[in-house]
Amino acid sequence: MAKITKFKQSDVEIVAKKRTFNGFFKIDEYHFRHALFAGGQSDVIVREIFERGDAVAVLPYDPKLDAVLLIEQIRIGAFNDDKSPWLLEVIAGMTDGSKDYEAVVKKEAKEESGIELNNIEFMLSYLSSPGGTSERLYLYYGEADLSQAGGIYGVPEEGEDIRVHVIPVEQTFQLLDEGEMDNAATVICLQWLKLNIDAIREKYRTC
């Protein structure tokens with residue numbers, strides 16, 4: 001196996017950093033140099049970074065129904081999409097500095113869908129778009145009773161208008177294969193479920 005040696009944070013010199021926008025979201029301008037693969041240092045590079053903070057997302061699954069819960073809401077960043085700016089998504093929210101990610105996941109699930117989560121399991125974390133934002137997402141799987149799930153949820157003061165969908169797993173996989181799920185957190189969560197669904201189902205067959 002090939003050994004890959006990475007540079008470290010200490011191989012980057014921050015020459016200057018200033019906040020250029022401080023609204024609902026924040027933008028910082030970085031002036032930096034970094035070590036070069038061929039040796040030496042780069043010239044000073046200037047980049048604007050969207051400082052969004054960390055976020056969590058969760059895919060609720062009901063083992064009795066063999067179904068998942070997805071939410072639908074408008075995303076203005078998808079306004080120019082050919083299909084619709086209303087997206088089917090996993091439940092998600094900003095951590096607002098909290099490191100108790102499971103608590104944030106439970107709060108978001110209640111606010112955005114009205115459900116209680118059980119047996120929360122960490123999937124993975126990833127940087128959403130490190131060329132332009134510092135945001136890191138932490139993805140979770142959670143079991144829930146979805147037999148009564150449905151309706152309209154969200155926090156109106158935060159501009160949320162969220163519709164809840166309970167969808168059989170196999171139909172969800174079909175929608176994924178057809179490209180209907182096209183936002184990263186949802187795609188990754190469903191791909192994780194696709195890889196693990198046989199083991200999850202087997203666990204409940206043997207209970």
Side-chain angles (χ1 to χ4, degrees), residues 1-4 6 52-73 75 78 83 86-96 98-130 133 135-151 153-154 162-207:
M1 183 181 293
K3 183 178 180 181
I4 299 174
K6 289 185 176 182
R52 183 173 165 82
D54 293 336
V56 296
V58 62
L59 177 64
Y61 170 75
D62 186 327
K64 291 184 179 178
L65 298 179
D66 195 30
V68 298
L69 183 148
L70 296 174
I71 60 173
E72 180 185 5
Q73 62 183 316
R75 293 299 197 187
K83 299 173 186 175
W86 276 264
L87 303 182
L88 276 177
E89 302 178 326
V90 289
I91 293 166
M94 305 306 298
T95 64
D96 294 327
S98 173
K99 294 298 182 183
D100 190 349
Y101 298 143
E102 290 193 11
V104 179
V105 160
K106 289 178 180 179
K107 177 180 75 69
E108 292 295 331
K110 191 68 175 176
E111 288 181 356
E112 296 190 356
S113 68
I115 64 167
E116 303 283 349
L117 291 172
N118 304 302
N119 301 325
I120 297 171
E121 179 181 343
F122 176 68
M123 294 182 183
L124 56 89
S125 74
Y126 70 96
L127 291 164
S128 61
S129 184
T133 178
E135 180 185 43
R136 177 176 285 276
L137 279 90
Y138 295 82
L139 306 185
Y140 290 84
Y141 157 87
E143 292 166 6
D145 177 359
L146 302 181
S147 59
Q148 303 301 314
Y153 289 88
I162 297 170
R163 183 162 59 176
V164 170
H165 298 270
V166 177
I167 308 174
V169 164
E170 295 304 327
Q171 182 184 350
T172 308
F173 291 160
Q174 182 180 347
L175 292 171
L176 176 66
D177 292 342
E178 292 171 353
E180 288 299 319
M181 312 298 184
D182 58 0
N183 54 89
T186 304
V187 169
I188 294 170
C189 284
L190 290 175
Q191 288 176 333
W192 181 94
L193 185 65
K194 204 169 186 179
L195 289 170
N196 291 276
I197 190 62
D198 289 344
I200 292 170
R201 287 168 172 163
E202 183 62 28
K203 180 176 75 172
Y204 283 95
R205 277 197 290 267
T206 57
C207 286

Visitor: State plainly whether the residues K194 and D177 are in salt-bridge range, i.e. N to O under 4.0 Å.
Guide: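 Salt bridge present between K194 and D177.
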
Visitor: Would you check, one step at a time, whether the test side chain to side chain contact (heavy atoms under 4.5 Å, CB included) holds for V104 with D96?
Guide: CA-CA 9 Å; V104 179; D96 294 327; over 6 Å; no

Visitor: When you compare the side chain of I188 with that of M123, does any pair of heavy atoms fall below 4.5 Å?
Guide: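 Not touching, per the 4.5 Å side-chain cut-off.
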
Visitor: Does a side chain donor of either S98 or D100 reach within less than 3.5 Å of an acceptor in the other side chain?
Guide: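 No donor-acceptor contact under 3.5 Å links the two side chains.
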
Visitor: Measure the shortest side-chain to side-chain distance between Y61 and I197 over non-hydrogen atoms and say whether it is less than 4.5 angstrom.
Guide: yes

Visitor: Would a 4.5 Å heavy-atom cut-off, applied to side chains only, mark V68 and V169 as touching?
Guide: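 Sidechains of V169 and V68: in contact.
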
Visitor: What do you reckon, is NZ of K83 surrounded by more than 12 foreign heavy atoms closer than 6.0 Å?
Guide: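 Result for NZ/K83: enclosed.
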
Visitor: Should W192 and L139 count as side-chain neighbours, where that means a heavy-atom distance under 4.5 Å?
Guide: no

Visitor: Looking only at heavy atoms, which two atoms of A144 and P63 are closest? And how far apart?
Guide: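 Scanning both residues, the minimum pair turns out to be O-CD, 4.4 Å.
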
Visitor: Give, for atom CD of E102 and atom CD of E121, the distance between the pair rounded to the nearest 0.5 Å.
Guide: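 Atom-to-atom, E102:CD and E121:CD are 10.0 Å apart.
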
Visitor: For residues M94 and A55, report the shortest heavy-atom separation together with the two atoms involved.
Guide: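 M94 and A55 have their closest heavy atoms at SD-CB, 3.9 Å.
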
Visitor: Go through it in stages, so that I can follow the logic: the residues are D66 and R201, the test is side chain to side chain contact (heavy atoms under 4.5 Å, CB included), and I'd like the CA-CA distance, side-chain angles, deciding distance and then a yes or no.
Guide: CA-CA 8 Å; D66 195 30; R201 287 168 172 163; 2.7 Å; yes

Visitor: Kindly indicate whether the side chain of E111, heavy atoms from C-beta on, has any atom under 4.5 Å from the side chain of I162.
Guide: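 Result no, sub-4.5 Å side-chain heavy-atom pair not found.
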
Visitor: How far apart are the closest heavy atoms of V166 and A67, and which atoms are they?
Guide: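 Shortest heavy-atom contact: CG1-CB, 3.8 Å.
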
Visitor: Just wondering, more than 12 heavy atoms not from Q148 lying within 6.0 Å of its CD?
Guide: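 No - once you tally the heavy atoms of other residues, nucleotides and ligands closer than 6.0 Å, there are 12 at most.
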
Visitor: What are the two closest heavy atoms between R136 and S125, and how far apart are they?
Guide: NH1-OG, 3.0 Å

Visitor: To the closest 0.5 Å, what do you measure between CE (M181) and OG1 (T186)?
Guide: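 That separation rounds to 7.5 Å.
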
Visitor: To the closest 0.5 Å, what do you measure between CD (E143) and NZ (K203)?
Guide: 4.0 Å

Visitor: Please round to the nearest 0.5 Å and tell me the distance separating atom CD of E180 and atom CD of Q174.
Guide: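 If I round to the nearest 0.5 Å, the distance is 10.0 Å.
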
Visitor: Quick one, I91 and L69 - any side-chain contact, counting heavy atoms below 4.5 Å?
Guide: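 SC-SC contact between I91 and L69 confirmed.
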
Visitor: Side-chain contact test, heavy atoms from C-beta onward, threshold under 4.5 Å: evaluate it for D54 versus Y101 and give yes or no.
Guide: yes

Visitor: Between F122 and Y140, what is the ring plane arrangement, given parallel below 30°, perpendicular above 60°, and tilted in between?
Guide: perpendicular

Visitor: Looking only at heavy atoms, what is the nearest atom pair of V90 and C189, with distance?
Guide: CG1-CB, 4.0 Å

Visitor: Are V187 and D182 close enough that some pair of their side-chain heavy atoms sits under 4.5 Å apart?
Guide: no

Visitor: At what distance, to the nearest 0.5 angstrom, does CZ of R52 lie from CG of L137?
Guide: 8.0 Å

Visitor: Supply the atom-to-atom distance K110 NZ to Y153 OH, rounded to the nearest 0.5 angstrom.
Guide: 7.5 Å

Visitor: Looking only at non-hydrogen atoms, find the nearest pair between A109 and L117 and report the distance.
Guide: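 What the structure gives for the nearest pair is CB-CD1, 3.6 Å.
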
